[in-house]
Number of protein chains: 4
Amino acid sequence: MPKLGMEPIRRDALIKAAIAEIGAQGSLDVTVGRIAKRAGMSSGLAHHYFGSKDAMLLAAMRHLLAVYGSEIRAALQASDGPKARVEAIVRVSFSGSNFRREVVAAWLNFYVMAQHHDAAARLLRVYQARMRANLRHAMRPLAGARAPQMAEAVAAMIDGCYLREALGSGQPDGARAVAQVQAWVEAAMTGVET
Amino acid sequence: MPKLGMEPIRRDALIKAAIAEIGAQGSLDVTVGRIAKRAGMSSGLAHHYFGSKDAMLLAAMRHLLAVYGSEIRAALQASDGPKARVEAIVRVSFSGSNFRREVVAAWLNFYVMAQHHDAAARLLRVYQARMRANLRHAMRPLAGARAPQMAEAVAAMIDGCYLREALGSGQPDGARAVAQVQAWVEAAMTGVET
Amino acid sequence: MPKLGMEPIRRDALIKAAIAEIGAQGSLDVTVGRIAKRAGMSSGLAHHYFGSKDAMLLAAMRHLLAVYGSEIRAALQASDGPKARVEAIVRVSFSGSNFRREVVAAWLNFYVMAQHHDAAARLLRVYQARMRANLRHAMRPLAGARAPQMAEAVAAMIDGCYLREALGSGQPDGARAVAQVQAWVEAAMTGVET
Amino acid sequence: MPKLGMEPIRRDALIKAAIAEIGAQGSLDVTVGRIAKRAGMSSGLAHHYFGSKDAMLLAAMRHLLAVYGSEIRAALQASDGPKARVEAIVRVSFSGSNFRREVVAAWLNFYVMAQHHDAAARLLRVYQARMRANLRHAMRPLAGARAPQMAEAVAAMIDGCYLREALGSGQPDGARAVAQVQAWVEAAMTGVET
DNA sequence: AATGAATGAGGATTCATTCAT
DNA sequence: GATGAATGAATCCTCATTCAT
């Protein structure tokens, strides 16, 4: 039971617990008490480290976005050529840490949070803009002037697939989602190039 | 003097008020009291007619889905040929009663509701299945064996565009959304037919 | 158990209970729950009628000041001549509803409340100003130009006696307090007239 | 390296911080944490030195009374003749360390504390008795048999002036208060001697 | 039908206090 | 001596829900 430098450990545990709890419960109606218990501490301590429930949820959201963002960056750097880059973005979106049931549920709830929480809305807009930019950049060599429009469309499709998984009953099937979006991209490219 | 036939009027007013309140507030954290006040009655009366908050919200959701469904049906009947039918579905999705700011916000919240409310989830799945079926049916003559897959994709895109509008700050722009999805459908078709 | 028009009854009961509770407890650290219980209702109802703890305490303070003010007015109207009017003010200050142990304790606490609650401070200042004006007016015929100064002094003495009673252990002795202040007024008058 | 003799320094700092904090906040609703921070240490340390919040506040009160008492003693020793002694008491009450805004606020709060804290009440009564004795003693040569009564009255007036300052908005004006009480004493004396 | 009264459970938040280091 | 971690009780407030009229 170490007594110093607990802050990062506790904050981390709380963020993870918050995401898990939102995922499990399927809504933002989640109590600080339950999150704290899931993280193995008292609700008082949660407040000690985050100051408020909102701040804690916001931190959780930021965490999700940060993980997503860094995975995207890593995948982009490891990719060669426009096609590979587009595919990387799609793949990361539906894989690993970003596409577990509870995480998808949390995402959906953060979308709702953004509707009445300014900071959350800003956060989300920044990430969406970055995502669009990534897609545009990757698509420029393939689609030329139509890249912006296509980037927009691919982003919409990714979001749409997320939504479907958020509502489906089983574990999300990342491979299928990737295949679907990819197929769509291929088809559209062909259409474009025609 | 007991007013006759008040029930449907009251229920209707409450449902509309619930949707408006959810839209205005941007979350499901909406109180029966406020909904009732918006509908011009006491919270007691709201319970009298719906029995519970959940039942009222569910009725509101059902209402949204019913309106959507009937508009789709009407548009399909008025359309001639596969292309027109696909377009009708897209157009209805982004127009009129279904694409006002507050309604989009309410939709998003009902998605969340479906995560922890069984009846809501069932309702949503039924409607989504019907929508897919409509799309598949309309696309079969155009895409043959790939129709199911394409229907799925168009549905995802519609949902994705909804999501974007739910997070945008201004009034949703239905025309732009229709144009985008249509363009995409065209391109994909071309690709497919190639 | 009447079901209509409860509001004034409940508000009144809560105000009285608040004063009693503050008096009994000797501090503003009084819970809404205890006040409500003393008034025979749930804490929820107290909030229903006052909106907040602060508003309730403020109403209690206002009540004390209003009672005091109206008793002063009544006594002034029943008094003939300057001397009688000064005496009336002194007498009312130390009698009846204003000089019970619990009420004196509540007064003291409202003084504290005025230190960090703007509305409370304003309320208190208005009443103090009115009190000074009453005293000045009554003293003018007796003390001429020195009336303002003497009014100030009498007011200070009244407050001082209140304070002593607030700290004493037994039931406050109004008669003694009146006699003391009156004796002092007499002596000072004589001094002045010399 | 254990610092030697830190205890008195720490205790002193905490007492001063407590008074300042009560003065600044205008109420006894003051947290150990804030007091400790103001004194430049952790809340844990505050407990280490005082054992409890109550004990700390009591020590602060004792400090105020002790300072007041010793200043009175010093002024009395430096005064020659009854009149000078009475004046000394009045002057000290409204000067220097005893009549700063925050200190007056703290006094008021200690009066409240005395209502539900036995030790505080005892403390206050002892000091008030001593004060009365001082005044009586100083007044005996001037007022003879009426000295007790007059001492009582002067004490009440001093308290009353304190109260007024506690509620005023600006910095307390000691000179004015002294002048007022003195004028009053003079007038009463003249009246008495007549 | 309709209201407003009433309850009571539940949740965020604050804080004194304790304890391991 | 000193800190910051940690707890848990206490409190305000909100709200769905019930009920008498």
Side-chain angles (χ1 to χ4, degrees), chain A residues 1-7 9-10 29-37 40-57, chain B residues 1-7 9-10 29-36 40-57, chain C residues 1-7 9-10 29-36 40-56, chain D residues 1-7 9-10 29-36 40-57:
Chain A
M1 214 183 297
K3 280 289 153 182
L4 267 178
M6 291 304 287
E7 176 147 357
I9 300 172
R10 294 301 199 181
D29 273 341
V30 123
T31 72
V32 173
R34 286 188 63 82
I35 293 174
K37 175 171 293 181
M41 61 193 104
S42 73
S43 72
L45 198 52
H47 276 96
H48 178 64
Y49 283 120
F50 280 105
S52 78
K53 180 185 184 181
D54 260 30
M56 195 170 73
L57 294 185
Chain B
M1 73 187 93
K3 298 175 201 153
L4 292 181
M6 287 305 284
E7 174 146 357
I9 298 173
R10 294 296 201 187
D29 273 342
V30 123
T31 71
V32 173
R34 286 188 63 81
I35 293 173
M41 59 193 108
S42 72
S43 71
L45 200 51
H47 274 92
H48 178 67
Y49 282 121
F50 282 104
S52 80
K53 182 188 186 178
D54 262 28
M56 194 170 72
L57 293 184
Chain C
M1 213 184 297
K3 280 290 154 181
L4 269 178
M6 292 304 287
E7 175 147 358
I9 299 172
R10 293 301 199 183
D29 272 342
V30 122
T31 72
V32 172
R34 287 189 62 82
I35 293 174
M41 62 192 104
S42 72
S43 73
L45 199 52
H47 275 98
H48 177 64
Y49 284 120
F50 279 105
S52 79
K53 181 187 185 180
D54 259 29
M56 195 170 74
Chain D
M1 70 188 95
K3 298 175 200 155
L4 291 182
M6 286 306 284
E7 174 147 358
I9 297 173
R10 293 298 199 185
D29 274 342
V30 123
T31 71
V32 173
R34 286 188 63 81
I35 293 173
M41 59 193 105
S42 73
S43 71
L45 199 50
H47 274 92
H48 177 67
Y49 281 121
F50 282 105
S52 80
K53 182 187 185 178
D54 262 27
M56 195 170 71
L57 293 185

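So that the names make sense, note that chain A is the first sequence line, chain B the second, and so on, each numbered from 1. As a basis for the values below, the full set of heavy atoms in this structure was taken, side chains included, without hydrogen atoms, waters or symmetry mates.
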**Q** Return the nearest nucleotide to the side chain of C:M41; candidates are E:dT7, E:dA5, F:dC13.
**A**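 So the nucleotide nearest the side chain must be E:dT7.
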**Q** By nearest atom, which of the nucleotides F:dT3, E:dA2, F:dT17 is closest to the B:S43 side chain?
**A**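 So the nucleotide nearest the side chain must be F:dT17.
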**Q** Between E:dA12, F:dT18, E:dA5, which nucleotide gets closest to the side-chain atoms of A:T31?
**A**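 The answer is E:dA12, which lies nearest to the side chain.
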**Q** Between B:G44 and A:L45, which is nearer to the 5' end of DNA chain F once each is assigned its nearest nucleotide?
**A**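 Between the two, 5'-proximity favours A:L45.
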**Q** Applying side-chain hydrogen bond (donor to acceptor under 3.5 Å, both in side chains), name anything that partners C:D54, two or more places apart in sequence or on another chain.
**A**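 Per chain and number, C:D54 pairs via side-chain hydrogen bond (donor to acceptor under 3.5 Å, both in side chains) with C:H117.
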**Q** What is the distance from atom CE of B:M41 to atom CE of B:M6, rounded to the nearest 0.5 Å?
**A**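 So the CE of B:M41 and the CE of B:M6 are separated by 8.0 Å.
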**Q** Looking at A:R10, does any N or O in its side chain come under 4.0 Å of the phosphate oxygens OP1/OP2 on F:dA6?
**A**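 Yes, within the criterion.
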**Q** Can you figure out which of E:dT17, E:dT14, E:dT3 approaches the side chain of D:H47 most closely?
**A**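 The answer is E:dT17, which lies nearest to the side chain.
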**Q** With sugar-phosphate meaning primed atoms plus P, OP1 and OP2, does C:F50 contact a base, only sugar-phosphate, or nothing at under 4.0 Å between heavy atoms?
**A**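 No contact.
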**Q** Roughly how many Å is it from NZ in D:K53 to C1' in E:dC15, rounded to a whole number?
**A**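 Nearest whole value for this atom pair: 8 Å.
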**Q** Rounded at 0.5 Å granularity, tell me how far OG in A:S43 sits from NZ in A:K37.
**A**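 With rounding to 0.5 Å, OG (A:S43) is 10.0 Å from NZ (A:K37).
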**Q** Counting heavy atoms from C-beta on, name the nucleotide in F:dT11, E:dT7, E:dT3 closest to the side chain of C:S42.
**A**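 Of F:dT11, E:dT7, E:dT3, E:dT7 is nearest to the side chain of C:S42.
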**Q** Please determine, for the side chain of C:V32, which listed nucleotide (F:dG8, F:dC12, E:dA6) has the closest atom?
**A**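 Out of F:dG8, F:dC12, E:dA6, the nucleotide with an atom closest to C:V32's side chain is F:dC12.
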**Q** Starting from C1' on F:dC12, measure out to CZ on C:R34 and report it in whole angstrom.
**A**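 Result: 16 Å.
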**Q** How does DNA chain E read in dot-bracket, base by base from 5' to 3', with Watson-Crick or G-U pairs under 3.5 Å and | used when the partner is on another strand?
**A** .||||||||||||||||||||
**Q** Just how far is it from atom CE of C:M56 to atom NE2 of C:H47, taken to the nearest 0.5 Å?
**A**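 Going from CE on C:M56 over to NE2 on C:H47, the span is 7.5 Å.
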